[in-house]
Amino acid sequence: SGDELLKCGLVFKPPTLLLLYRRGGLLGVVRKRSVRLGAHLSAAEAEAKNGDAGANSTGAIAERLKQDKRHGDLICQLSQLQLERLLSILRDVTVNGLSKEQSLDKQRQMEQIDPLEDPNKVDEETLQRKKAAMQEQFEKHQLKPGDPGYIYDKEVDFSADAGTVEHCEWDSEDDQSGF
């Protein structure tokens with residue numbers, strides 16, 4: 001439709017997603033759209049009560065919002081991670097009774113990548129958020145053809161950087177197992 005999303009935000013009472021967008025290209029008019037979330041949240045809760053356990057997750061609500069006929073074109077311009085983050089903050093503040101600052105701290109912890117953390121021991125929503133955060137970081141740092149600094153078929157010799165080579169039993173060429 002030619003609308004470019006500029007900013008997004010939340011209003012807690014009533015639960016509303018604010019979208020600031022430009023219509024008509026670079027010189028177009030800046031407009032604000034308020035997306036009431038009450039109906040979407042209620043529908044998700046009803047589906048969850050009827051046996052669809054995943055319907056009330058922030059991911060499912062985000063997908064429902066992206067498919068909305070009236071607002072979906074703007075909402076699709078948000079990354080999945082950003083939309084889920086906004087919905088989680090809304091749920092924390094309105095349903096769980098956390099302050100906005102507590103919810104923001106919780107979101108940072110959910111998206112923080114700790115190499116020592118066992119991903120098998122976190123709940124599914126946290127795992128998906130961490131995966132989305134890693135994907136977003138990867139895409140931010142990824143070099144594509146046409147980007148400055150892009151080198152086709154770049155080769156790096158890691159043995160020169162290491163200084164000394166560590167030897168391990170499991171990767172030795174002298175395999176005695178007979179395979």
Side-chain angles (χ1 to χ4, degrees), residues 1-11 16-37 40 44 54 57-92 100-101 103-120 122-166 168 170-171:
S1 68
D3 295 340
E4 176 191 5
L5 184 65
L6 302 173
K7 294 182 180 182
C8 63
L10 285 175
V11 175
T16 306
L17 179 64
L18 295 178
L19 303 171
L20 194 66
Y21 65 99
R22 179 179 292 129
R23 174 166 281 167
L26 201 53
L27 301 174
V29 179
V30 175
R31 298 175 182 240
K32 178 177 85 172
R33 187 178 296 182
S34 298
V35 181
R36 293 283 179 106
L37 299 175
H40 294 282
S57 72
T58 54
I61 297 170
E63 285 302 317
R64 184 179 289 108
L65 284 169
K66 286 184 174 186
Q67 294 172 4
D68 186 85
K69 291 178 183 175
R70 184 166 178 211
H71 309 292
D73 59 330
L74 283 173
I75 293 173
C76 281
Q77 294 180 37
L78 290 171
S79 72
Q80 183 75 13
L81 179 63
Q82 186 176 14
L83 186 54
E84 287 184 26
R85 185 183 305 132
L86 289 169
L87 292 170
S88 292
I89 292 169
L90 181 68
R91 178 174 284 155
D92 286 345
K100 183 173 65 172
E101 291 75 23
S103 180
L104 288 171
D105 287 341
K106 178 182 171 189
Q107 300 309 311
R108 280 187 211 102
Q109 288 175 352
M110 281 183 77
E111 294 167 10
Q112 184 177 10
I113 308 302
D114 180 8
L116 301 176
E117 182 179 35
D118 185 359
N120 294 318
V122 298
D123 61 280
E124 186 64 28
E125 184 176 356
T126 304
L127 180 64
Q128 293 306 318
R129 292 282 295 276
K130 287 184 185 286
K131 284 182 176 181
M134 287 189 291
Q135 183 66 28
E136 193 172 87
Q137 285 290 71
F138 171 77
E139 289 172 0
K140 186 190 316 183
H141 298 295
Q142 180 182 24
L143 289 177
K144 300 176 186 133
D147 290 346
Y150 174 79
I151 300 171
Y152 177 77
D153 198 22
K154 182 177 182 176
E155 293 183 17
V156 178
D157 184 15
F158 290 103
S159 62
D161 294 338
T164 60
V165 178
E166 292 183 24
C168 297
W170 64 268
D171 66 347

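Only heavy atoms go into these numbers, but all of them, side chains included; no hydrogens, no water, no symmetry mates.
Counted by atom type alone, Lys106 and Gln109 present zero donor-acceptor pairs between their side chains at under 3.5 Å. At a cut-off of 3.5 Å, with distance as the only test, no side-chain donor of Arg129 or Thr58 sits close to an acceptor on the other residue.
For the atom pair NE2 of His71 and OG of Ser34, the computed distance is 9.0 Å after rounding to the nearest 0.5 Å. Between the CG atom in Leu78 and the CG atom in Leu65 there is a gap of 9.5 Å [rounded to 0.5 Å]. If you take CD on Glu136 and CD on Gln80, they are separated by 11.0 Å, rounding to the nearest 0.5 Å. Taking CD of Gln82 as the start and CG of Leu87 as the end, the distance is 11.0 Å to the nearest 0.5 Å. To the nearest 0.5 angstrom, Leu20 atom CG is 10.5 Å from Glu4 atom CD. For the atom pair CZ of Arg85 and OG of Ser79, the computed distance is 6.5 Å after rounding to the nearest 0.5 Å.
A 4.5 Å side-chain heavy-atom check between Leu10 and Lys100 finds every atom pair outside the cut-off. Counting heavy atoms from C-beta outward, Val35 and Leu74 have side chains that stay 4.5 Å or more apart. You'll find the side chain of Ile113 stays beyond 4.5 Å of the side chain of Gln137, heavy atoms only. Side chains of Leu90 and Leu17 form no contact here, defined as non-hydrogen atoms less than 4.5 Å apart.
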Donor-acceptor list for residues 144-155 side chains, cut-off 3.5 Å, not counting sequence neighbours:
residue, atom, partner, partner atom, Å
Asp147, OD2, Lys144, N, 2.8

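Considering all non-hydrogen atoms of both residues, Ser103 and Asp92 come closest at OG-OD2, 3.0 Å. The two residues Asp73 and Arg70 come nearest to each other via the heavy atoms OD1-O, 3.8 Å. Of all the heavy atoms in Glu84 and Ala62, the pair that sits closest is CG-CB, 4.2 Å. In plain terms, the two heavy atoms of Leu81 and Ala132 that are nearest each other are CD1-CB, 3.9 Å.
Distance alone, capped at 3.5 Å, is enough to place a donor-acceptor pair between the Lys130 side chain and the Gln112 backbone. Side-chain atoms of Gln77 come within 3.5 Å of backbone N or O of Asp3 as a donor-acceptor pair.
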